[in-house]
Amino acid sequence: RKEVEQDPGPFNVPEGATVAFNCTYSNSASQSFFWYRQDCRKEPKLLMSVYSSGNEDGRFTAQLNRASQYISLLIRDSKLSDSATYLCVVPLTGGGNKLTFGTGTQLKVEL
Amino acid sequence: DTGVSQNPRHKITKRGQNVTFRCDPISEHNRLYWYRQTLGQGPEFLTYFQNEAQLEKSRLLSDRFSAERPKGSFSTLEIQRTEQGDSAMYLCAIAGAGNTGELFFGEGSRLTVL
């Protein structure tokens, strides 16, 4: 099993729609999780951190299910500017801020 | 502005040539990371430095790859005898404050090996 697995998409949704991405991870000892956003041909940037059961920031909600070892990202009222690749990220063992990135889920928000 | 400058931004080279990438954090940061990203994949960890000490290297970092951070500030990543499979975006990152898991990436150096 890969350390982090995501559906690569693309997810094509109309503006205003609600969309959810799931991510599964293999290391049951992981304590913290992250969603990064990556625009086309740009560097990844932190979107949200998830340390307990979940986190909410405006239109974005991240949830964690430790029993099933998956993390989700929900985007409500999607905007054209939300079009990007969303990377699920789990720390590598050994600390030091080393991160394992999923392959990313591509989102395209259309008019 | 991510606080991390990388150059060159693009490099096209022929197979077998050596290439070197440089990463300059704008301010002092203890921890500096190198990642590689190929098309359709997420970034993959290569190596990281705590000040000038290289603390860990991924098994992805073959003996053709060498990274240095001589004064604990800028870092270089050299690839010797490049192969077509080395074509990728090479990303440098610095850690955010504390152990939050946040990395600030530079814009990357894109390598194309012909």
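Convention: sequence-line order gives letters A, B, ...; per-chain numbering from 1. Bear in mind the structure is a predicted one, so any value in this text is a computation, not a measurement.
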Seminar exercise, completed: When every non-hydrogen atom of B:Gly42 is compared with those of A:Leu87, the smallest separation belongs to CA-CD2, 4.1 Å
Exercise. Under the salt bridge (Lys or Arg N to Asp or Glu O under 4.0 Å) rule, what pairs show up with a residue in residues 31-40 of chain A, not counting sequence neighbours?
Worked result: A:Arg37-A:Asp39
Exercise. Which pair of heavy atoms, one from B:Glu102 and one from A:Tyr36, lies closest together, and at what distance?
Worked result: CA-OH, 3.4 Å
For this session: Determine, step by step, whether B:Met89 and A:Arg41 satisfy the side chain to side chain contact (heavy atoms under 4.5 Å, CB included) criterion, reporting the C-alpha distance in whole Å, the side-chain angles of both residues, the deciding distance to 0.1 Å, and the verdict.
Result: CA-CA 9 Å; B:Met89 176 75 85; A:Arg41 304 185 77 83; over 6 Å; no
For this session: Give a yes or no on whether A:Arg76 atom CZ has more than 12 heavy-atom contacts from other residues, nucleotides or ligands under 6.0 Å away.
Result: yes
Exercise. Distance from B:Tyr48 atom OH to A:Lys98 atom NZ, nearest 0.5 Å?
Worked result: 5.0 Å
Exercise. Which answer fits A:Pro44, side chain, backbone, both or neither, if we ask what part of it has an atom under 4.5 Å from a heavy atom of chain B?
Worked result: both
Exercise. Distance-only, no hydrogens or angles: does the B:Tyr35 side chain make a donor-acceptor pair with backbone N or O of A:Leu99 under 3.5 Å?
Worked result: yes
Exercise. Going hydrophobic residue to hydrophobic residue with side-chain gaps under 4.5 angstrom, can you get from A:Leu74 over to A:Phe11?
Worked result: no
Exercise. Between B:Glu44 and chain A, which part of the residue has a heavy atom less than 4.5 Å away: side chain, backbone, both or neither?
Worked result: neither
Exercise. Between atom NZ of A:Lys42 and atom CZ of B:Phe105, what is the distance when rounded to the nearest 0.5 Å?
Worked result: 15.5 Å
Exercise. What part of B:Leu91 is in contact with chain A, defined as an atom under 4.5 angstrom from a non-hydrogen atom: side chain, backbone, both or neither?
Worked result: side chain
For this session: May I ask you to list the residues in residues 101-111 of chain A that approach chain B closer than 4.5 angstrom, counting heavy atoms only, ordered by number?
Result: A:Phe101, A:Gly102, A:Thr103
Problem set entry | Straight-line distance of B:Gln37 CD to A:Glu43 CD, nearest 0.5 Å | 10.5 Å
For this session: Consider only side-chain heavy atoms of I, L, V, M, F, W and Y, link residues closer than 4.5 Å, and tell whether A:Phe60 and A:Leu80 are in one cluster.
Result: yes
Exercise. More than 12 non-hydrogen atoms from neighbouring residues, nucleotides or ligands closer than 6.0 Å to CD on B:Gln50, yes or no?
Worked result: yes
Problem set entry | Where at least one partner belongs to residues 12-55 of chain B, residue pairs that pass disulfide bond (SG atoms under 2.5 Å apart), sequence neighbours excluded | B:Cys23-B:Cys92
Problem set entry | Crowding at OH, A:Tyr70 (>12 non-hydrogen neighbours, <6.0 Å) | no
Exercise. Do B:Leu103 and B:Phe74 sit in the same hydrophobic cluster, where Ile, Leu, Val, Met, Phe, Trp and Tyr count as joined when their side-chain heavy atoms come under 4.5 Å apart?
Worked result: no
Problem set entry | A:Gln6, part contacting chain B, at a heavy-atom distance under 4.5 Å | neither
Exercise. Do other residues, nucleotides or ligands put more than 12 heavy atoms under 6.0 Å from B:Glu68 CD?
Worked result: no
Exercise. Are more than 12 heavy atoms from other residues, nucleotides or ligands located less than 6.0 Å from atom CD1 of B:Ile12?
Worked result: no
Problem set entry | Members sharing B:Phe65's hydrophobic cluster (side chains within less than 4.5 Å) | B:Val19, B:Phe21, B:Leu32, B:Trp34, B:Leu46, B:Phe49, B:Leu60, B:Leu61, B:Leu77, B:Ile79, B:Tyr90, B:Leu111, B:Val113
